[in-house]
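Model, not experiment: these values are computed from the prediction.
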Amino acid sequence: MIRRRVQLALLGLVLAVVGVRPALAQDEPRVSVSTSVDYSVGDYGTGKDTTLLYVPFTLGVRPFDRFWLSVTVPYLYQTGQNIVLTGGGVAVKGKKSNGKLTRPTTSTTESGLGDVLAKASLVVVEETDFIPEITPYFKVKFPTADKDRGLGTGEFDETLGVDVSKLLIASLFGYLELAYTFIGEPSGTTLHNTFGWSVGAAYAIAQPFSVFAFIEGATAIAPGQDDPLDIRVGAEYRVMKALKLTGAVTRGLSNGSADWGVSGTLTLRF
């Protein structure tokens with residue numbers, strides 16, 4: 001209860017800061033609509049593959065200058081029930097009795113609404129010649145997925161994070177993300193809060209085409225689970241000023257990650 005009050009207070013502080021900056025840049029997008037298809041396969045160290053198809057639909061709005069609010073409603077299709085999605089990544093289910101997170105004896109397939117995500121982000125430092133852009137954010141995972149079918153934990157998760165970006169040289173951009181997620185624990189289970197990170201770069205080969213590469217990791221959420229670690233490479237093509245397409249391939253580097261994955265994203269900003 002105390003933890004949740006502290007986090008709500010932090011969110012209120014962000015909103016208060018935004019409230020004293022009512023100006024809105026007219027030449028920047030105010031609305032973002034995106035959807036993607038994320039497909040992954042891996043055994044996560046359990047010896048049996050789990051296939052995940054994650055299809056999120058995200059609506060973002062910029063009510064004030066440098067401030068974004070977004071809501072993501074995902075569809076989830078999952079074969080195998082050895083893992084469960086949380087707001088901080090994948091948690092591997094235990095072999096022994098662990099409440100709702102015990103591995104089933106037989107493989108099953110489930111699909112339906114995933115956990116809805118709400119996010120608020122604020123650019124607190126704008127990029128200059130020697131200073132990167134710094135954007136802290138606060139994210140909440142609402143337990144809308146059916147926990148009895150293994151599509152979620154049935155608990156709230158909250159994430160505090162920061163995105164840092166900077167033009168390095170010519171058309172090369174650097175990116176860093178750090179995040180800490182408070183993982184809600186279903187009754188009778190043990191889950192750990194997780195620290196996640198991502199570092200990478202993007203290079204604009206020629207307008208409107210660019211390529212990128214990231215290495216991403218986190219601390220394990222479930223007891224006995226390996227720390228997730230993977231590498232993601234892809235490309236972005238800007239069809240027009242307001243529309244872009246992104247594709248990526250991910251390769252797991254540890255037993256805490258999927259073996260491989262592919263994704264495609266369509267984003268419209270206006």
Run the side chain to side chain contact (heavy atoms under 4.5 Å, CB included) test against Phe209 and tell me which residues pass, sequence neighbours left out.
Ile205, Val211, Ala235, Tyr237

Verify side-chain contact (heavy atoms from CB on, under 4.5 Å) between Tyr39 and Thr51, making sure each step is shown before the conclusion.
CA-CA 7 Å; Tyr39 179 85; Thr51 299; 3.4 Å; yes

Please name all residues satisfying salt bridge (Lys or Arg N to Asp or Glu O under 4.0 Å) with Lys166, sequence neighbours left out, ordered by chain then number.
Glu127

Could you pull out all donor-acceptor pairs under 3.5 Å where a side-chain atom in residues 167-182 meets a protein atom, sequence neighbours excluded?
| residue | atom | partner | partner atom | Å |
| --- | --- | --- | --- | --- |
| Glu177 | OE2 | Tyr137 | OH | 2.5 |
| Thr181 | OG1 | Thr159 | OG1 | 2.8 |

Thr219 side chain vs Phe195 backbone, donor-acceptor pair below 3.5 Å
yes

With Val90, which residues qualify under side chain to side chain contact (heavy atoms under 4.5 Å, CB included), at least two apart?
Tyr44, Ile83, Leu85

Review item, side-chain donor-acceptor pairs of residues 255-269, under 3.5 Å, at least two apart:
| residue | atom | partner | partner atom | Å |
| --- | --- | --- | --- | --- |
| Ser257 | OG | Leu229 | N | 2.8 |
| Ser257 | OG | Leu229 | O | 3.1 |

Applying side-chain hydrogen bond (donor to acceptor under 3.5 Å, both in side chains), name anything that partners Ser210, two or more places apart in sequence or on another chain.
none

Kindly write out the residues that satisfy side-chain hydrogen bond (donor to acceptor under 3.5 Å, both in side chains) with Ser70, not counting sequence neighbours, or none if the list is empty.
none

Applying side chain to side chain contact (heavy atoms under 4.5 Å, CB included), can you list everything that pairs with Tyr77, at least two apart in sequence or on another chain?
Leu53, Tyr75, Thr79, Thr109, Ser111

Arg238: side-chain hydrogen bond (donor to acceptor under 3.5 Å, both in side chains) partners, not counting sequence neighbours
none

Run the salt bridge (Lys or Arg N to Asp or Glu O under 4.0 Å) test against Lys119 and tell me which residues pass, sequence neighbours left out.
none

By side-chain hydrogen bond (donor to acceptor under 3.5 Å, both in side chains), which residues pair with Glu110, not counting sequence neighbours?
Arg149

Residue list, side chain to side chain contact (heavy atoms under 4.5 Å, CB included) with Pro56, at least two apart or on another chain:
Ser36, Asp38, Tyr54, Thr72, Pro74

